[in-house]
Amino acid sequence: MNIAIDGPAGAGKSTIARLAAKRLGFLYVDTGAMYRAIALYLLDTKTDISDREKLKKALSYIRIDIAYEKDVQHVFLNLQDVSVEIRSEKVGNMASKTAALPEVREKLLDLQRDIAAKNDVLMDGRDIGTNILPNAELKIYLTASVEVRAKRRYDELIQMGGKPKLDVITKDIEQRDFQDMNREIAPLRQAEDAVLVDSSDMTIEEVVNRIVQLAGERRG
Ligand code: CDP
């Protein structure tokens with residue numbers, strides 16, 4: 001069985017998807033981490049992404065692998081575990097930019113479909129229900145208001161010991177939404193057959209329960 005969860009930055013997809021996958025005994029696949037790993041490489045190598053030839057060449061040097069340790073996904077960039085480095089805002093913003101490039105999406109398409117074909121997966125991203133797994137048995141579009149998403153990200157960064165600014169984070173999220181929803185290739189949008197879940201006024205527990213319940217219904 002395949003479950004697709006799509007939605008904007010900061011909707012809580014990864015936290016919720018991880019917990020729901022655990023309850024269902026599914027593999028949790030965080031596709032954003034794959035885009036982030038590619039972005040990290042392009043940042044580190046200072047690749048000029050406006051130059052198609054340079055981009056293609058850089059991508060040809062990239063190998064992305066996914067492995068699981070105690071149910072936690074680790075992402076490897078050219079055999080190196082980059083799971084921690086890819087979490088910075090800088091990499092996230094670069095990922096949003098580079099994920100709009102067709103060459104980048106093409107590179108990850110087969111990897112994502114292959115994992116879904118071999119396992120019961122709960123896969124989260126932006127175009128999973130619309131593009132990667134159009135036949136997923138359950139599709140969720142998970143969202144929340146910009147204010148709520150910015151506040152969540154803010155709290156997360158505070159917890160990590162950072163000194164974030166709420167207005168900067170709000171602008172970042174708005175910009176990322178715009179980029180993700182308005183790009184030509186695989187833009188973020190709710191699939192016609194996706195269930196809309198707005199988590200603005202829901203706890204994590206409530207959202208997880210809802211997804212597990214929907215999965216149970218679809219499984220029959
Ligand atoms: O954690 P957050 O929701 O902020 O982002 P993420 O899921 O880690 O993804 C980082 C960026 O990768 C997003 O802003 C998207 O532009 C891009 N992405 C994508 O285009 N398609 C996916 N399936 C997953 C991520």
Side-chain angles (χ1 to χ4, degrees), residues 2-18 21 28-43 49 64 66 73-75 77 82-116 121-134 136 139-146 148-157 160 164 168-191 194 197 199 204 207:
N2 289 170
I3 301 176
I5 303 191
D6 293 299
K13 287 191 308 290
S14 54
T15 307
I16 281 151
R18 193 181 309 119
Y28 164 52
V29 184
D30 170 5
T31 62
M34 302 176 186
Y35 286 96
R36 283 170 179 265
I38 290 186
L40 177 66
Y41 181 90
L42 297 173
L43 275 176
I49 59 169
I64 303 286
I66 294 292
Q73 174 184 295
H74 287 252
V75 185
L77 169 61
V82 291
S83 309
V84 175
E85 284 109 295
I86 58 169
R87 290 298 146 201
S88 72
E89 291 295 298
K90 189 176 168 203
V91 173
N93 291 336
M94 181 67 170
S96 179
K97 242 181 247 151
T98 54
L101 304 168
E103 292 86 352
V104 171
R105 305 206 72 84
E106 179 65 34
K107 179 147 183 116
L108 293 175
L109 182 85
D110 289 341
L111 175 62
Q112 292 169 1
R113 284 196 179 146
D114 195 51
I115 298 172
V121 296
L122 200 158
M123 191 174 278
D124 87 0
R126 300 291 189 284
D127 66 334
I128 309 305
T130 51
N131 188 39
I132 303 291
L133 305 176
K139 299 178 186 177
I140 308 272
Y141 189 80
L142 182 64
T143 189
S145 68
V146 171
V148 168
R149 289 187 282 130
K151 182 67 175 42
R152 286 180 186 158
R153 183 60 47 115
Y154 174 84
D155 291 343
E156 216 173 75
L157 292 170
M160 281 157 57
V168 175
I169 295 178
T170 307
K171 276 210 192 82
D172 249 27
I173 286 197
E174 280 169 346
Q175 192 194 338
R176 203 104 86 76
D177 282 0
F178 186 84
Q179 268 171 202
D180 290 352
M181 290 173 185
N182 292 285
R183 67 186 177 210
E184 240 163 82
I185 294 154
L188 169 65
R189 61 177 179 80
Q190 184 180 342
V197 178
S199 74
I204 289 171
V207 181

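Read the numbers this way: they start at 1 and go in the same order the structure lists the ligands and their atoms. Heads up: numbering here begins at 1 and tracks the sequence.
Taking a 4.0 Å cut-off on heavy atoms, R105 registers as neighbouring ligand 1. Taking 4.0 Å as the cut-off, S14 does not count as a neighbour of ligand 1 on heavy-atom distance. For R153, the closest heavy-atom approach to ligand 1 falls below 4.0 Å.
Atom numbering of ligand 1 starts at 1 in the shown order; those under 4.0 Å from a heavy atom of G10 are 3 (O). Atoms of ligand 1 lying under 4.0 Å from any heavy atom of K13, numbered from 1 in the order shown and given with element: 3 (O). Atoms of ligand 1 found under 4.0 Å from any heavy atom of D127, numbered from 1 in the order shown, are 23 (N). Close contacts of ligand 1 with G125, meaning ligand atoms under 4.0 Å from a residue heavy atom, involve 22 (C), 23 (N), 24 (C).
The nearest protein atom to atom 12 (O) of ligand 1, hydrogens excluded, is given as Y35 CB, 3.7 Å; this is a heavy-atom distance. Of all protein heavy atoms, the one closest to atom 11 (C) of ligand 1 is A95 CB, 3.8 Å. For atom 14 (O) of ligand 1, the closest heavy atom belonging to the protein is R176 NH1, 2.8 Å. Residue, atom and distance of the protein heavy atom nearest to atom 17 (C) of ligand 1 are A99 CB, 3.6 Å. Here the heavy atom of the protein found nearest to atom 9 (O) of ligand 1 is G32 CA, 3.6 Å. Looking only at heavy atoms of the protein, atom 16 (O) of ligand 1 is closest to D180 OD1, 2.7 Å.
Looking at ligand 1, you'll find an N or O of R36 within less than 3.5 Å of one of its N or O atoms. In terms of polar-atom proximity, R183 is counted as a contact of ligand 1, with an N or O under 3.5 Å from an N or O of the ligand. The shortest N or O to N or O distance between R126 and ligand 1 is under 3.5 Å.
Side chain of D114 to main chain of D110: no donor-acceptor pair is present (N/O by atom type, distance under 3.5 Å, no hydrogens or angles). Here the side chain of Q73 pairs a donor or acceptor atom with the backbone of D30 at under 3.5 angstrom. In this structure, R36 contributes its side chain and A95 its backbone to no donor-acceptor pair below 3.5 Å. In this structure a side-chain-to-backbone donor-acceptor pair under 3.5 Å is present from K13 to P8. Proximity of a side-chain donor or acceptor of D6 to a complementary backbone N or O of Y141 within less than 3.5 Å is not detected.
Comparing D30, V29, T31 by heavy-atom distance to atom 24 (C) of ligand 1, the nearest is T31.
Under a 4.0 Å N-O distance rule, the pair K90/D172 does not qualify as a salt bridge. Ion pairing between R153 and E156 holds under the 4.0 Å rule for side-chain N and carboxylate O. The pair D180-R176 fails the salt-bridge criterion, with no side-chain N (NZ, NE, NH1 or NH2) lying under 4.0 Å from an Asp/Glu carboxylate O.
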Checking Q112 against V29 for the side chain to side chain contact (heavy atoms under 4.5 Å, CB included) test, could you report, in this order, the C-alpha distance in whole Å, the side-chain angles of both residues, the deciding distance, and whether it holds? CA-CA 8 Å; Q112 292 169 1; V29 184; 5.6 Å; no
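Under 3.5 Å, the side chains of R152 and S199 contain a donor-acceptor pair of N or O atoms. Side chains of Y35 and R126: a donor-acceptor N/O pair is absent below 3.5 angstrom, by distance only.
Neither the backbone nor the side chain of Q179 comes within contact range of ligand 1; no heavy atom lies under 4.0 Å.
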